[in-house]
Amino acid sequence: MKGKTMSLTIGTLEKAKGIGVCILPAKEATARTKKSSSKKRILNALEQRGGLSIEDELRRRGVSSEKGSVHILSITGESPLLGIIVGFWSDSSQPGASEDRLHPESSDEQSRWGFVRRLAIAASKQAKEWKAGDIAVHASVFQNDAVKESQVFYETLLLSQYAFDRYQDLPKKRRKGVSAPRVLFEKIKGLTLKHLSQVEGKVSGVNFARDLVNTPAGDLGPYDLARQAQSLRSGGSLQVKTLKVSELEKKKMNGILSVGRASKKPPAFITLRYQPTSQKRKKFPVIGLVGKGVTFDSGGLSIKTGTGMETMKCDMAGAAAVLGVFHALRSLRLPIEVRGYVPTAENMIHGNALRPGDVIQMMSGKTVEVLNTDAEGRLLLADALHYASKDGCDIIIDLATLTGACVVALGEECAGLYANNSELKGRLLCASGAAGERLWHMPLLQNYKKLLQSPIADIKNIGSRGGGSITAALFLEHFIGDVLWAHLDIAGPAFTTSGDEAGIKGGTGFGVRTILAYIEQLVSE
Ligand code: BES
Ligand code: ZN
Ligand code: ZN
């Protein structure tokens, strides 16, 4: 379970044993830089350590030196390095970070940051396979904004060391002899260990979210989630409260109560508040984060199929992302107030279950005709969004594994983004580009609101066949009032059964990095 702790050094690569990572000029730049002293320096340094001529080796293998390509050269014989990861990138026409942010759809495939991430993944994968002791990173790997790039590299390296093996015996045994590789960074101007420890704080937040999502629903019900949230309490700066059933009843939070009422594990509403002591916080808006916390979604009486249920422990990934952000906020110490709202319940079946056709009155007073009990996320989010909008938040962002329709539209690697404000939408797209998480904008088409009209209540909880992700977002919009609001439908990227780029299966912690990047951008202005 959790990412292995890596030891980290900044300095020379002299003692490196294991894997060397470097970048050489891409094909189009090779001619121009052929005699470049920096290129010679890289080659000499690594060739001496690896006991081979990299150029000969590349030629012999006939590998392409296309810009952005990454190659793994393994070295045999008695050499201190086991292999070298070579990436190709030309010094000219580097798309800058700001350009990446404008094009989130291409950020990982074409950008410099995406390239740095791919290098880190290659290094991490090989380190695992070869049981390498060190990953030695040559200064050539970092170019434009070397500090930011080294953070991106280190973040990806740490993320790709994650494993969830709490329930397995084998990995413990396997792990005994193998420790996580040591990371050696060559000296890079401006880069300090503090920059890299910030990265560790973020990665711990992502891994906290991943652990929560990966934990089977049998071991993680609403109260367990609340206990995990309570564990984040830290001094006066992070407060956590849990409202139990009797308090939910007093507050008429019937959305949360109805979804949770057929489960043996009672529902709850968790609130978090990160309030830094710094007076600077008054310069920034209060951010509210809302996360869908359905610890298991059977569909209720509108029951899912067997296969449809297989991954439904992940239906609290929005909540996990919110808790992951708070986990990271404790160590990042940003001067901005952030509040969290996590409605949590288990959507199960019992004699007292919510029925299709029932009408419930939400906390806001609106009545909802529940035609499908599998469209439960919007019911509990409605109460949480209403609560957050009355609680003094200037901006509210919710994260929810809300609809299969969003997965149909954008696939499993991309989340859908809805917002009632274009600046907020733009900022979140920028943040996702910077974070390396894929997010794409979707329309809150107001004329589809008619699809939610009910003959007997104010609205119904499902639309018609098409546009299921849009009608779900429009349903939520009914409960937000006039607060600035964005909704991330993360049903696709929250969980992967086939594995992410680093081959890691299960919960991805999606959203934590985007939200942190968004908050960081706000405070850096
Ligand atoms: N939790 C699901 C959405 C989901 C699907 C999450 C796939 C992760 C992966 C949600 O509660 C749900 O079941 N939504 C229904 C809504 C429908 C009944 C209007 C859906 O998408 O089918
Ligand atoms: Zn459902
Ligand atoms: Zn659900």
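Predicted model only: the values in this text are computed from it and were never measured. Both ligands and their constituent atoms are indexed starting at 1 by order of listing.
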2.8 Å cut-off met by an N, O or S atom of Lys292 to the Zn ion (ligand 3): yes
N, O or S of Asp374 under 2.8 Å from the Zn ion (ligand 2): yes
Proximal ligand 1 atoms for Lys304, defined as those under 4.0 Å from one of its heavy atoms: 2 (C), 12 (C), 13 (O)
Per-atom contacts of ligand 1 with Glu376, taking only distances under 4.0 Å to non-hydrogen atoms: 11 (O)
Tyr448, OH atom: more than 12 neighbouring heavy atoms under 6.0 Å: no
Closest to atom 19 (C) of ligand 1 among Ile462, Thr471, Asn347 (heavy-atom distance): Ile462
Sub-4.0 Å atoms of ligand 1 with respect to non-hydrogen atoms of Lys292: 1 (N), 10 (C), 11 (O)
Which segment of Thr311 sits under 4.0 Å of ligand 1 when only heavy atoms are counted: neither
Under 4.0 Å to a heavy atom of Thr401 - the qualifying atoms of ligand 1, by number: 1 (N), 2 (C), 3 (C), 6 (C)
Arg210 NZ/CZ over Tyr162 ring centroid, <6.0 Å and within 45° of normal: yes
Stepwise salt bridge (Lys or Arg N to Asp or Glu O under 4.0 Å) test for Arg513 and Glu155: CA-CA 10 Å; Arg513 284 182 291 152; Glu155 177 181 284; 3.3 Å; yes
Nearest protein heavy atom with distance in Å, relative to atom 16 (C) of ligand 1: Arg378 NH2, 3.8 Å
Atom 2 (C) of ligand 1 [closest protein heavy-atom partner, distance rounded to 0.1 Å]: Asp297 OD2, 3.5 Å
Nearest neighbour in protein (non-hydrogen) for atom 7 (C) of ligand 1: Met312 CE, 3.8 Å
Identity and distance of the protein heavy atom lying nearest atom 10 (C) of ligand 1: Leu402 O, 3.3 Å
Donor-acceptor contact present, side-chain Lys425 to main-chain Met442, <3.5 Å: yes
Top protein contact for atom 21 (O) of ligand 1, by heavy-atom distance: Gly404 N, 2.6 Å
Residues Ser298 and Asn347: side-chain donor-acceptor under 3.5 angstrom: no
The Zn ion (ligand 3) to Asp297: nearest N/O/S atom name: OD2
Exceeds 12 heavy-atom contacts within 6.0 angstrom, atom CD of Glu412: no
Nearest neighbour in protein (non-hydrogen) for atom 15 (C) of ligand 1: Asp374 O, 4.0 Å
Which N, O or S atom of Glu376 lies nearest to the Zn ion (ligand 2), by name: OE1
SB check Glu501 Arg438 (cutoff 4.0 Å): yes
The Zn ion (ligand 3) - name of the N/O/S atom of Asp315 that sits closest to it: OD2
Whether Phe479 and Phe475 hold their rings parallel, tilted or perpendicular, with breakpoints at 30° and 60°: tilted
Interfacing atoms of ligand 1 (cut-off 4.0 Å, heavy-atom, Asn372): 18 (C)
Test of ring centre spacing under 6.0 Å for Tyr387 and Phe269: yes
Salt bridge present between Lys292 and Asp398 (N-O < 4.0 angstrom): no
Any side-chain donor near an acceptor of the partner, Gln230 and Thr242, under 3.5 Å: yes
